[in-house]
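Reading through the structure tokens given below for one structure.
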Amino acid sequence: MTDTSINLAEILPKNYDHREVEPRWVQAWEASGLHHYRPDSAAARAGRTFAIDTPPPYVSAAHLHTGHAMSYSQAEFVVRFKRMRGYEIFYPMGFDDNGLPTERYVEQKYKINKGKISRKEFIDLCLKETRDGAAVYETLWRSLGLSIDWRMTYSTIAPRAVRHAQHSFLDLVNKGRLERRVDPILWCPLCSTALAQADVESGDEQNRPMHAVRFDVDPAALVVGGPTSGLIETTRPELVPACVALACHPDDKRFKTLAQVRFQVPLTDLRFAKSEIASDDGTVASTGDVTRGDYRTIPLIFDESVDPEFGTGLMMVCTFGDPEDIAKWRKHKLDTVLIIDAQGRMITPHLPDLDGKRVYVAAKNSSVYNEARAAALQLLRDHNYLEHIKDNVSRASLHERCSTPVEIQVAPQWFIRLLDLKDQLLQRGRDLVWNPPAMRERYEQWVVNLRWDWNISRQRFYGVPFPLWFCTACEAPNFAQLDELPIDPLMTSCPRPCSACGCADLRPEPDVMDTWMTSSLTPLINANWAMWQDQPDPSLPLAEQARSAIYPAGIRVQAHEIIRTWLFYTVAKSHLHTQSLPWQTVMISGWGLDRHGKKMSKRLGNFVEPGEVIAKYGADSLRYWAAGATLGQDLRYLEDDVKGGKRLLTKLWNSTRFALLYLSNWQPGQVAQTPTAADRWIRSRAVQTVQAATEAFEGCEYNRAVRAAEGFFWNDWCDNYLEIVKDRFREGTPFAGGEVEAARHTLLHGSFLLLRLFAPILPFLTEELYQLALKNLLGPDAPQSVHSAAWPQDEHSGQVTVFAGEFSAEALTQGELLLALIAAVRSCRTAAKIGGGRPLSGLYVCADAQQWAQLEPLLPDFVAASRATGCERGIAADLASAEVAGTTLAVAIVPLVDVVAQGE
RNA sequence: AGGCGCAUAGCUCAGUUGGUUAGAGCACCACGUUGACAUCGUGGGGGUCCGCGGUUCAAAUCCGCGUGCGCCUACCA
């Protein structure tokens, strides 16, 4: 027997303390540069670089919860797996501090009135919040163990990203993809800015009453025998004064004869003439402030898009209530009557009761009429245009950042033309590898349903400035040169006179770019795309020669709700700029939900602070919870599941301690090993497990990998193999030296295998165990860290490298039989109320000669695991017995103490 | 209104080419601690796999219809 009297506690403390261990490894990994990207490494030179593109979170929002910890952990499982597979990892972290979300956050936090603060003061506040937020994020990501190369960060408002966004803009100008148009655009009246289709979401269903409004036929255009009025139904009566046509279906018999008719627009005859009233005779007259003039009259148009069955079959067309209005306005070349201003106030000087009233309700989900609607209804009622009101359930289109119903404004904006590229963008989506595959459908549907070109102008302060000036004389845009970027035309005047007319007086574009204009470039920013033409700049974080290795990137990881935005825009940009996909693969994660199944959010208050969970249970436990989600599916946060992670940590700690007990003073190789049935079984199971875990990780299915590893670890390794093998090290064991040697080999390589299988999920615990317990045992060539150890399956050959060549189906079958026998003994013990620790004097298996021959190789392990003195064929006293599942074998036991008692 | 996803034990969820008696963790019941682990072990109870119909020797799994929930998109005159 080997000396087992070593003091185990000196090597591994009895308990694992994540509070002490985790921060220590964060420091050590940082100091050793373990996560640094090395473009000149052997792997990189061999073309094995793996670049990952993860979401740059809005740092200013300070909204971190365990849902975020979940999705970033899931991304990182794959990173760690790839690193162990031998890839050079490029894992940067971005911070999105650009654009409207930041502005709104700063406005609310400091209760800012934009009229009373300078643009510069405001931007400085945004930058401050941005820095503070980034620090909070970095602290959390580090404590979560994310293996980010922190030298490779980017910020979407920093010069490098600004340069990219402006470079992208100019490149698209050169490619003829960008144009400035005066067009109806989606508009948020609360934020006073234009929006893109992707910034709009559907509101909840609510009652949006339908108002029937009568339009009288203009007597001058009356059709003989035709009606004298038409009835329309609208949810937006305040838009009636902006009506420019009534529309019906061309086949609708009711209106067929009315091609020449004109309708009077209600309320347009009213004239408010305050000065005249004031100089009037002075008598008090309630109607005295209104006089009557001519109605504005509008045509009837015929359009296939009108549903004759809907409402009255007659529809009003306003400029502009919705995209349908725009379509008819374009097609039929209708007039334009704008009655809502940029702040969402009515412009109706002739209707003072309505003029200046807001068209939106700031409080979300309110079914209360907005003030403009209430005023318009009163007017329509007073003047007898309102026939009736009825309930109607529908949804409003809301600005997704503030939930204000969107309006349509007309203003000059910069557009990236995308609608003509739908087919090409769909093809890109099909060329991309989607995990899970079903998520491609969301992209497909978004592209198919795209109705607006991408409007990138935002009437805000905090964002990337457009790199151009307008000539004050001829209005021609004068663009900056690529080598002048980044540039802020508000701060720098145009270095040249107008290229069109030579005028020297140019003014900057006051708008800023849509935040997605920058975010859509993250893979290109990481690759320093805008600098590809430059001379190499040593101050940049990335060597230029590395760019082809990291662009297109290996993988994009993100949640499903931003497929239509971040993913779509990124695909579009890469298509336009580099004629390629931005990445080979996407991995779409779900949401973190609260225990009731609602999406976690800071705003709803149903969130859990990840920092608190990490403090209490450790980052590894939190990561274990995150690993439980099926890819693409949402995952509830349940503290019990995190506790399950903690249990696994403890079990791994203790089982490795156990292995170490018999390995510490071991000199391997002095005795030839002769594996027993149990050794051959567990080694084959190990090989099987590696294959399953590898296959799962390759498909981004980390949860399947964890399940495979955990099942092997708990059920096979701990509950059975370790129990069987204990007896091999007992004083006076019948096992020979070669069998003890085999057990030691199994313990060492099995333990190391387990640490590697769990390393992507539980980086701290596995590293601690590796460094304290296993590294020295593995000899001088042992890897520096468990995270730089080779994954136990070779990618090229597909061969499992641990217990190589030892897989045997027969060993597995034999092992199953052995486990069944052991389970039968346990069952007997329970039936006879005999504890597992009590030795047995009698152990019998009822078997025929052939079965017995089959069992004989198993008997040493069986007897050892049963704590019996031996095993015989046949049934003894009926103290307890159990069937072995699926066979005719029966097992019976006799507890040692009872025999002793009987004998006395 | 269209699309996608989900529906399996009391709870949270696995179950990938259809194939023994449908699984895990938690919870529950009983038993068991002097050697890795009570943050544990062993044994056990517990399921109309949402419903109906179909294909098949065989369906939780495939097909059709329906119900409920979630999400995406549209409509929102």
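Residue numbers start from 1 in every chain, and the chains themselves are labelled A, B, ... in the order their sequence lines are given, proteins ahead of strands.
Taking 4.0 angstrom as the limit, A:Arg647 places a side-chain polar atom (N or O) nearer than this to OP1 or OP2 of B:rC40. Taking 4.0 angstrom as the limit, A:Gln633 places none of its side-chain polar atoms (N or O) nearer than this to OP1 or OP2 of B:rC4. Contact check, A:Trp434 against B:rC4: no side-chain N or O comes under 4.0 Å of OP1 or OP2. Between A:Tyr624 and B:rG25 there is no side-chain N or O to OP1 or OP2 distance below 4.0 Å.
Two residues, A:Thr650 and A:Glu324, neighbour RNA chain B, and the one matched to the more 5' nucleotide by heavy-atom proximity is A:Thr650. RNA chain B is contacted by both A:Arg564 and A:Ile232; A:Arg564 maps to the nucleotide lying nearer its 5′ end (nearest heavy atom per residue).
Nucleotides B:rG68 and B:rC57 have their P atoms positioned 35 Å apart, rounded to a whole Å. For the C1' atoms, the distance from B:rC11 to B:rG54 is 34 Å, rounded to whole Å. Spacing between B:rU21 and B:rC4 at atom C1', rounded to whole Å, works out to 36 Å. Across B:rU61 and B:rA7, the matching P atoms stand 12 Å from one another, rounded to whole Å. Here the separation of B:rC52 from B:rA14, taken at their P atoms, is 24 Å to the nearest Å. Between B:rA30 and B:rU34, the two C1' atoms lie 24 Å apart (nearest whole Å). As rounded to the nearest Å, B:rG46 and B:rC28 have C1' atoms that lie 9 Å from one another. The separation of B:rC26 from B:rA22, taken at their P atoms, amounts to 22 Å, rounded to a whole angstrom.
Out of B:rA36, B:rA74, B:rC26, the shortest distance to the side chain of A:Lys726 is found at B:rA36. When each of B:rG3, B:rA36, B:rC40 is scored by its nearest atom to the side-chain atoms of A:Arg657, the top-ranked nucleotide is B:rA36.
Shortest non-hydrogen contact noted between A:Trp625 and A:Arg636 is NE1-O, 2.8 Å.
Within the nucleic acid shown, A:Cys318 has no heavy atom closer than 4.0 Å to any nucleic acid atom. In this structure, A:Val306 reaches the bases: a heavy-atom distance under 4.0 Å links it to at least one base atom across the strands shown. As judged by a 4.0 angstrom heavy-atom cut-off over every strand, A:Trp653 is placed among residues making no nucleic acid contact. No contact: A:Trp717 has no heavy atom under 4.0 Å from any strand. Note on A:Arg236: nothing from the nucleic acid sits closer than 4.0 angstrom, heavy atoms only. Residue A:Lys643 is classed as having no contact, given no heavy-atom separation below 4.0 Å to the nucleic acid. A:Asp634 comes within 4.0 angstrom of no nucleic acid atom, judged by non-hydrogen atoms across all strands. Across all strands, A:Gln445 comes closer than 4.0 Å to base atoms (heavy-atom distances). Residue-level contact check: A:Thr656 touches neither bases nor backbone, having no heavy atom under 4.0 Å from any strand. The residue A:Thr234 sits close only to the backbone: its heavy atoms come under 4.0 Å of sugar-phosphate atoms, none of a base. A:Glu701 comes within contact range of at least one nucleobase, with a heavy-atom separation under 4.0 Å. Residue A:Ala396 is classed as a base contact, given a heavy-atom separation below 4.0 Å to a base.
Contacts between residues 237-251 of chain A and RNA chain B, counted as heavy-atom distances below 4.0 Å, involve no residue at all.
Taking 4.5 Å as the limit, every side-chain heavy atom of A:Leu246 sits out of range of all side-chain heavy atoms of A:Val317. Between A:Lys651 and A:Phe713 there is a side-chain heavy-atom pair separated by less than 4.5 Å. The shortest distance between side-chain heavy atoms of A:Phe77 and A:Val706 does not fall below 4.5 Å. Side chains of A:Val200 and A:Glu400 form no contact here, defined as non-hydrogen atoms less than 4.5 Å apart.
Annotation: A:Glu695, atom CD; neighbour count of heavy atoms from other residues, nucleotides and ligands within 6.0 Å does not exceed 12. Summarising the local packing, NZ of A:Lys422 is surrounded by more than 12 heavy atoms from other residues, nucleotides or ligands at distances under 6.0 Å.
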**Asked** How does RNA chain B read in dot-bracket, base by base from 5' to 3', with Watson-Crick or G-U pairs under 3.5 Å and | used when the partner is on another strand?
**Response** (((((((..((((.....[...)))).(((((.......))))).....(((((..]....))))))))))))....

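Among residues two or more places apart in sequence or in another chain, the side-chain contact (heavy atoms from CB on, under 4.5 Å) test is passed with A:Thr746 by A:Asp679, A:Ile682, A:Arg683, A:Trp717, A:Tyr721, A:Phe803.
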**Request:** Kindly determine whether A:Lys643 and A:Lys616 satisfy side-chain contact (heavy atoms from CB on, under 4.5 Å), including the steps that lead there.
**Result:** CA-CA 10 Å; A:Lys643 286 180 183 168; A:Lys616 192 168 176 189; 5.8 Å; no

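Side-chain to base pairing of A:Glu723 with B:rG41: no donor and acceptor N or O lie closer than 3.5 Å to each other.
A donor-acceptor pair is defined here as one N or O able to donate and one able to accept, closer than 3.5 Å; such a pair exists between the side chain of A:Arg829 and the backbone of A:Arg838.
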